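These numbers were taken from a predicted model, which means no experiment stands behind them. Ligands are counted one by one from 1 in listed order, and the atoms in each one are counted from 1 as well.
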Amino acid sequence: MHLKLLKSNGLLFFLVTMTLSGFAQMGVAPGGSAVAATSEDSLLIRRLADTILTDGRTYGNLRLLTKTVGARLSGSAGYYKAEKWGQQVLQESSADKVWLQECMVPHWVRGGKDSASWVGGGGAAGGGSAAVGLDVLALGNSQGTGVKGIRAPVVLINNFDELEQRRDEVKGKIVFYNYPFNPLFVETFRAYGDAVRYRGAGASRAAKYGAVAVIVRSMSSSIDNTPHTGALMYNDSFPKIPAVAVGLRDADRLAARIPGHQIDVYLRTNAQMLPDTLAHNVIGELKGTEFPDQYITVGGHLDSWDPAEGAMDDGAGCVQSIEVLRALKAIGYQPRHTIRVVLFANEENGGRGGRKYAEAAKANNEHHLLGLESDNGGFTPRGFTLSLSEDKLAAIQPWVKLLKPYGVYELEHGGGGSDVNPMGRELGAVVGELRPDSQRYFEYHHARNDVLENVNKRELEMGAVNMAALIYLVDKYGL
Ligand SMILES: [Zn+2]
């Protein structure tokens with residue numbers, strides 16, 4: 001067992017093993033500068049991991065956020081409570097400075113319970129003349145139906161090509177987009193990227209041809225019937241029609257009943273968009289010793305959808321980012337560059353917090369080395385993406401050896417998440433994100449079951465370990 005591990009992990013495992021057994025304290029001289037750096041880095045990363053995995057606050061902070069704050073959509077009372085939580089936790093984590101950055105955000109409210117049912121199709125399974133309930137959630141930013149609701153025949157549309165072909169059939173109808181979350185994409189974020197256009201643009205595209213509402217099959221790989229909400233963007237050229245998400249089982253039942261039958265759907269949603277309101281990014285930092293005017297940012301988004309606690313999305317990214325700061329401070333590490341933790345406002349239905357942070361940094365002429373984000377769930381870490389050129393990416397590949405003992409096995413080319421991407425555009429900063437295992441994320445994403453109980457403490461902490469390690473390496477070696 002030991003020999004096998006030694007063989008497969010090579011030098012690194014040797015160093016880590018020796019560290020654990022006190023080898024380093026025995027004063028064995030390293031062989032050369034590169035090895036010395038590796039050994040020193042390996043030791044420091046081990047100390048970061050030790051504090052995160054033993055006396056860390058990652059999971060405890062997530063428990064507080066999810067159970068005492070809960071849902072925190074932009075403009076809601078929960079969001080302002082979350083701002084207070086963020087400030088307090090950053091202070092308790094020994095940030096040198098904590099502050100709020102003002103940001104105007106959209107203020108969308110669900111306005112009560114959404115309801116839907118369908119009738120028609122005959123037969124016992126179809127319900128005959130009895131209405132069959134649908135479990136729905138209004139899409140974020142959507143307009144409600146009004147108190148009377150909407151009743152109209154439903155048209156099954158499998159994709160936008162079919163919508164174009166059948167555009168003369170949708171006037172006065174409710175369009176039901178039943179586009180599947182493609183199981184052939186092993187990386188589930190690709191399936192999400194492929195399907196999410198029906199949520200984002202489906203309402204306006206159907207409204208263009210006279211549809212009165214849309215129902216969208218949830219972007220999920222789940223086998224349950226939980227509907228998954230998320231933002232839509234209306235095209236101002238067309239009427240703003242109501243839109244809901246439906247769970248996969250209801251979607252399948254409805255789709256199976258429609259061919260050859262007239263099915264009427266009744267929808268009632270109460271949503272409305274209120275005027276923009278003031279909210280804040282919550283920021284904490286550790287001052288750099290050598291380059292205090294150069295910044296490394298790590299963050300997640302503080303807002304979350306209203307039906308749940310936002311544990312995965314993105315409580316996990318927030319507490320991991322805070323833990324990076326806490327752990328660096330706890331082991332007495334003095335960063336060369338200033339390290340900032342940002343809990344971004346309004347990622348879910350506007351992206352205003354991320355844009356505001358980058359705009360303010362640009363206005364202040366700040367130099368940012370890296371914007372790193374965690375917004376892909378609190379699952380076992382697998383890798384990081386970074387927006388580096390091939391040459392630069394090749395130059396940092398030796399870091400993989402340092403991260404591998406903690407689960408990250410690749411640093412690959414890619415963008416950041418939506419909160420840090422503006423830093424790339426506005427500031428020319430390198431952006432990147434943590435890539436955890438993606439197989440279970442879309443069971444919980446934007447759904448009622450995005451709760452603490454579905455986050456594994458250990459997996460969450462391992463994400464924080466790898467983020468802290470990467471931030472340390474960037475601080476030490478640059479990018
Ligand atoms: Zn998110």
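Ring orientation note: the planes of F291 and H337 are close to parallel, at an angle under 30° on the 30°/60° scale. Ring pair F442/H445 is perpendicular by interplanar angle, where above 60° counts as perpendicular and below 30° as parallel. By the 30° and 60° cut-offs, the orientation of the rings of Y357 relative to F344 is perpendicular.
When ring centroids are compared, F181 and Y192 stay outside the 6.0 Å threshold. A distance below 6.0 Å separates the ring centres of Y198 and F160.
Side-chain contact annotation: T385 with E412, donor-acceptor N/O pair under 3.5 Å absent.
Below the 2.8 Å limit, the Zn ion (ligand 1) has as protein N, O or S neighbours H301 NE2, D313 OD1, D375 OD1, D375 OD2.
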